[in-house]
Structure formats: structure tokens, C-alpha cells
**Student:** 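Here you go, one structure.
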Amino acid sequence: CRFILMTATMPLIFSEEKGEIMELANNKKSYFKNLDRIEVDYSRTKTHMDYENFKCFINEEIEKHPNDSMLIILNTIKSSIKIYEILKESLKDQEDIAPLYYISANVIPKHRLSRIDKIRETTGRKIVVSTQVVEAGVDIDMDRVYRDFAPIDSINQAAGRCNRNGDNKKGKVIILSLKDDHLPFAKYVYDPVLLEASIKSISNMEVVPEHDLYSISNNYYKNLIEMASKDEGSKIKEHITQLEYGKAFDLSKNPEAFKLIKENLNLIDVFIEADEDAKSLWCEYTLIKNMKNRFERRKAFNRIKNRFYNYIISIPIASIKKYMELGDEWITYIPYDMTETLYDKETGFKRTETLSDYFL
């Protein structure tokens, strides 16, 4: 058997030196040497910006670069909605400047995909506020990208949305560090080991040309390997090696045991009955759910599954509990007559002000 692993971020999971893998693109360094589409500016990561400072900064950038399309990627849904509302207010009397779009996992996939299509079809300038959802599988090409600080692999993914088509003008990726009254937003969503390895990889760097991103990525993964002994993952691996499976997987015996999904995220799937198509899909789903033969039930659901999931988002339980009782179903249903109260067509589900809002 041969296994072919494909990745956009080149993690050092296996070693070429030890013969564990063979890279098909064995001349990858030469590819990077010829790339000069973008540069990544880390100079603003030394200090943290609050909302007010960011508002002043981004409005200056919009004025300073009147012909450039801009993508702003935030670390949390809460911060992305806040920045979107700030820009919407700033630009309300200047509608001719550029269309403004919002994308995040807080918006149902149907609306999100429609918005991405509009962004791709819009010629000329546009301004997009988003979370990390644009970093994988979203083919949009922007002149300038502003990214809240994140691990190096996420920053590289964000950079892939800047000047993708290699136009004559060099694209610019600006990395910032946004914070609220307590912490930088990066610390709400990323492992501290990843952040520490990233900071170490870019220390003393300010503006990095695209052809240097390869070496920075390699340094980042090497830093992670060196720091692995501090990581709780290595402790779990050690327990498994010693056949101490209780300590590795049993939370009652070890609070640091392995768990795929951390409890503090505590999400629930929610079906938003946002339009007439959603109404008919929910009726169909209700009929399917009551079918006695489970094989027929699964077959029938598979026929509508893709369209059905176009109306589903995952919400922190704490946010939905404010509005309704939760049953035993795997999915919570928000009927059409409640969508205006609970769902904003621009920014998605109206979350409550809780720590649960700090989620991708």
C-alpha cells in the first residue's frame, strides 16, 4: 500500500531524513523562490489593539488604499460581528466606496455560499469581514488581507486569499493582534503552545516576502516539535506507551485525559427555517423521522441531506437556551416566525453575551 497525504500547510508529522516519507514535490524550495505575489507584515503584532484603535486603523487603510479590495479575518464570531457593525456604521454615508460583506459559521451555509459567489462575481473593490471559514476551500482573491494573530499555518492560509491570481500589483497581508478588555482574541481559540511557537518563529521579523514563507513554516513546525514535551498531548502519548489507558482516556481518573471536543464549546445543531425552501425541507424531515424502517429512513434522509444541511449552524447551548427549551432531539428547530427574532440575515444567529460566544 502507498498512502498519499496532501496538505496546504506542510506540517512536520513525518521525517524525510528518517525515510518515513517521500515528498512528491521534492523541489518545493525552488517553487517558493519564484513566488513574489504577496508580503506578510508582522510589524503590528508587538502591541494589542482594542476595537476603537482598530476602527481608526482600518478606516485610515480604507481611505489610504481607495482601489484595493480588503479581507478582514477575525478569530471569534463575536469580534467579527463587532468589526462588521463598526465598518457598516463608518461606511453608511459612503455607499459608493465598496460593497461590504460578512461571512462566518454563524450564518447558514445557504446564505454563506451565496455571499461568496457574490464576492467572486463583484468586479472592483469590495470589503469582506470574516472568521477563519474563508481559510479553507474558499476561492476568493483580495488585494489586501488583515488577519488577527493566529498560528503560522492559519496565517499562511489567510495569505492564500491575497493576490491568488498573481496580478501585477503585489498583495499585502497585515497581521494584527486584537483584544477585548481581558485577553487577545487569539488566546480564546488557539492552543497556547501553537501561539508561542508562532511568536518564536517570527521574532525580530517585520515584513516577510512570499518566498520566505517556506522557511518560516519549517521553523514553526520545528519549534512545535521542540516544545512537544511541554504539551499535554505528549503526556497522553506517554500514558498510552505505558499502557495506562485510564490516565490517557478516562476523565474521571485524569482531568487532562484526551477528549476530542472540549466541554466548554458545548454546541448544538440548529435548523434555521429561513425561507420557503426550508419550510418544505423541515416538513419532509418530520415525515422521514417518523418512518419505522431505519434503512428506508436513512435512504430517504440521504436524498435531502445536502439541502437540509444548508440551513444548519452549530450554536453554543448557552446562547439558544435563553430563547427556548431544548428537547432530546439531535437538532433544535427554529420555525420561520421566530427567525426574525433569533436570526439576522447579515450576521446570523443572535448570540447572547456569554463566554460561549468566543467560538470559531
Side-chain angles (χ1 to χ4, degrees), residues 8 37-41 54-55 57-77 79-148 154-176 178 210 272 274-275 277 307 310-311 313 343-349 360:
R37 297 166 299 173
I38 62 166
E39 57 184 25
V40 182
D41 185 348
F54 181 78
K55 175 184 174 181
F57 168 76
I58 202 65
N59 282 330
E60 281 176 17
E61 290 287 290
I62 290 168
E63 285 182 29
K64 206 187 296 181
H65 307 284
N67 300 314
D68 289 352
S69 56
M70 297 178 173
L71 170 62
I72 303 161
I73 304 176
L74 287 310
N75 281 328
T76 68
I77 284 174
S79 63
S80 69
I81 293 173
K82 180 78 172 175
I83 296 301
Y84 175 77
E85 296 294 349
I86 284 171
L87 281 175
K88 190 178 171 184
E89 180 65 24
S90 300
L91 301 175
K92 70 178 181 183
D93 298 324
Q94 310 171 63
E95 291 178 2
D96 57 330
I97 282 187
L100 179 64
Y101 299 96
Y102 176 79
I103 306 171
S104 84
N106 202 46
V107 176
I108 60 172
K110 182 175 183 178
H111 293 164
R112 199 158 70 226
L113 294 169
S114 168
R115 225 162 276 177
I116 289 166
D117 286 341
K118 279 183 185 175
I119 291 165
R120 293 180 64 186
E121 290 163 8
T122 302
T123 55
R125 193 182 197 196
K126 54 235 172 190
I127 299 171
V128 180
V129 177
S130 176
T131 57
Q132 301 93 316
V133 294
V134 295
E135 289 179 358
V138 176
D139 181 16
I140 57 175
D141 188 3
M142 311 295 278
D143 300 313
R144 301 176 73 82
V145 173
Y146 301 83
R147 177 65 165 94
D148 196 0
S154 291
I155 289 172
N156 288 346
Q157 288 286 76
R161 305 298 167 263
C162 185
N163 197 17
R164 284 170 76 80
N165 299 321
D167 296 332
N168 294 328
K169 184 178 175 182
K170 187 177 286 191
K172 188 93 170 176
V173 181
I174 296 102
I175 310 303
L176 311 155
L178 272 68
E210 185 174 14
I272 309 285
D275 54 30
D277 286 344
R307 289 181 296 134
N310 263 333
Y311 293 93
I313 52 176
Y343 184 81
D344 185 291
K345 286 184 179 177
E346 289 182 47
T347 56
F349 189 81
L360 310 187

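Quick caveat: nothing in here was measured; it's all calculated off a predicted structure. Side-chain atoms are counted along with the backbone in the values below, which use heavy atoms only and exclude waters and symmetry mates.
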**Student:** With distance as the sole test, does D68 use its side chain to make a donor-acceptor pair with the main-chain N or O of D143 at under 3.5 Å?
**Tutor:** no
**Student:** Is there a donor-acceptor pair under 3.5 Å between the side chain of Y84 and the backbone N or O of E346?
**Tutor:** no
**Student:** Kindly give the heavy-atom pair with the smallest separation between S80 and I77, and that separation in Å.
**Tutor:** OG-O, 2.7 Å
**Student:** Drop me the distance from K92's NZ to L100's CG, to the nearest 0.5 angstrom.
**Tutor:** 14.0 Å
**Student:** State, to 0.1 Å, how close V133 and S130 come at their nearest heavy-atom pair, and which atoms those are.
**Tutor:** CG2-OG, 3.9 Å
**Student:** Holding to salt bridge (charged side-chain N to carboxylate O under 4.0 Å, His left out), I want the full list of residues that pass it with R307, two or more places apart in sequence or in another chain.
**Tutor:** none
**Student:** Determine, stepwise, if the pair K82 / E85 fulfils salt bridge (Lys or Arg N to Asp or Glu O under 4.0 Å).
**Tutor:** CA-CA 5 Å; K82 180 78 172 175; E85 296 294 349; over 6 Å; no
**Student:** Strictly distance-based, threshold 3.5 Å: is any side-chain N or O of N163 a donor or acceptor partner for the main-chain N or O of I38?
**Tutor:** no
**Student:** First locate atom OG of S90, then atom CD1 of I62, and finally report the distance between them rounded to the nearest 0.5 Å.
**Tutor:** 7.0 Å
**Student:** Quick one: pull up CD1 in I86 and CG in N59 and give me the separation to the nearest 0.5 Å.
**Tutor:** 9.0 Å
**Student:** Walk me through whether D344 and I81 qualify under side-chain contact (heavy atoms from CB on, under 4.5 Å).
**Tutor:** CA-CA 11 Å; D344 185 291; I81 293 173; over 6 Å; no
**Student:** Evaluate the side-chain proximity of I58 to I83: yes if any heavy-atom separation is below 4.5 Å, no if none is.
**Tutor:** no
**Student:** Could you check whether any side-chain heavy atom of K172 comes within less than 4.5 Å of a side-chain heavy atom of E61, counting everything from C-beta outward?
**Tutor:** no
**Student:** Whether the side chain of R125 engages the backbone of S69 through a donor-acceptor N/O pair (distance < 3.5 Å, no angle test) should be reported.
**Tutor:** no
**Student:** Run I140 and Y101 through side-chain contact (heavy atoms from CB on, under 4.5 Å) and show every step you take.
**Tutor:** CA-CA 13 Å; I140 57 175; Y101 299 96; over 6 Å; no
**Student:** Using a 4.5 Å cut-off on heavy atoms from C-beta on, say whether the side chain of V128 contacts that of V134.
**Tutor:** no
**Student:** Hey, could you give me the CZ/CG distance between R147 and L176, rounded to the nearest 0.5 Å?
**Tutor:** 10.5 Å
**Student:** When rounded to the nearest 0.5 angstrom, what is the spacing between CD1 in I72 and CE in M142?
**Tutor:** 9.0 Å
**Student:** Locate the shortest heavy-atom distance separating A274 from I108; write the atom from each residue and the value.
**Tutor:** CB-CD1, 3.9 Å
**Student:** Take the angle between the ring planes of F57 and Y146 and call it parallel below 30°, perpendicular above 60°, tilted in between.
**Tutor:** perpendicular
**Student:** Can I119 and I103 be said to form a side-chain contact (heavy atoms from CB on, under 4.5 Å), step by step?
**Tutor:** CA-CA 10 Å; I119 291 165; I103 306 171; 3.4 Å; yes
**Student:** Could you walk me through whether R112 and N106 pass the side chain to side chain donor-acceptor pair (under 3.5 Å) check?
**Tutor:** CA-CA 9 Å; R112 199 158 70 226; N106 202 46; over 6 Å; no
**Student:** Looking at R161 and V138, would you say the former's side chain and the latter's main chain have a donor-acceptor pair under 3.5 Å?
**Tutor:** yes
**Student:** With side-chain contact (heavy atoms from CB on, under 4.5 Å) as the criterion, how do M70 and H65 come out once you've worked through the C-alpha distance, each side chain's angles and the decisive distance to 0.1 Å?
**Tutor:** CA-CA 9 Å; M70 297 178 173; H65 307 284; 4.0 Å; yes
**Student:** Tell me whether E89 is salt-bridged to K55, with the criterion being a basic N under 4.0 Å from an acidic carboxylate O.
**Tutor:** no
**Student:** Looking only at heavy atoms, what is the nearest atom pair of P99 and T122, with distance?
**Tutor:** CG-CG2, 4.0 Å
**Student:** Run the salt bridge (charged side-chain N to carboxylate O under 4.0 Å, His left out) test against K126 and tell me which residues pass, sequence neighbours left out.
**Tutor:** none
**Student:** Considering non-hydrogen atoms only, spot the tightest contact between L74 and Q132 and give its length.
**Tutor:** O-OE1, 3.4 Å
**Student:** Is the side chain of D141 donor-acceptor paired with the backbone N or O of N165 at a distance under 3.5 Å, no angle test?
**Tutor:** yes
**Student:** Does R37 reach the main-chain N or O of G171 with its side chain, forming a donor-acceptor pair under 3.5 Å?
**Tutor:** no
**Student:** Looking at residues at least two apart in the chain, or sitting in another chain, which of them share a salt bridge (charged side-chain N to carboxylate O under 4.0 Å, His left out) with D139?
**Tutor:** R120, R164
**Student:** Looking at side-chain heavy atoms only, is the closest gap between T76 and D148 below 4.5 Å?
**Tutor:** no
**Student:** Taking atom CD1 of I116 and atom NE2 of H111, what is their separation to the nearest 0.5 Å?
**Tutor:** 13.0 Å
**Student:** Could you check whether D277 pairs with K110 (Lys NZ or Arg NE/NH1/NH2 to Asp/Glu carboxylate O, under 4.0 Å)?
**Tutor:** yes
**Student:** Please name the pair of heavy atoms, one in Y311 and one in P109, separated by the smallest distance, quoted to 0.1 Å.
**Tutor:** N-CD, 4.4 Å
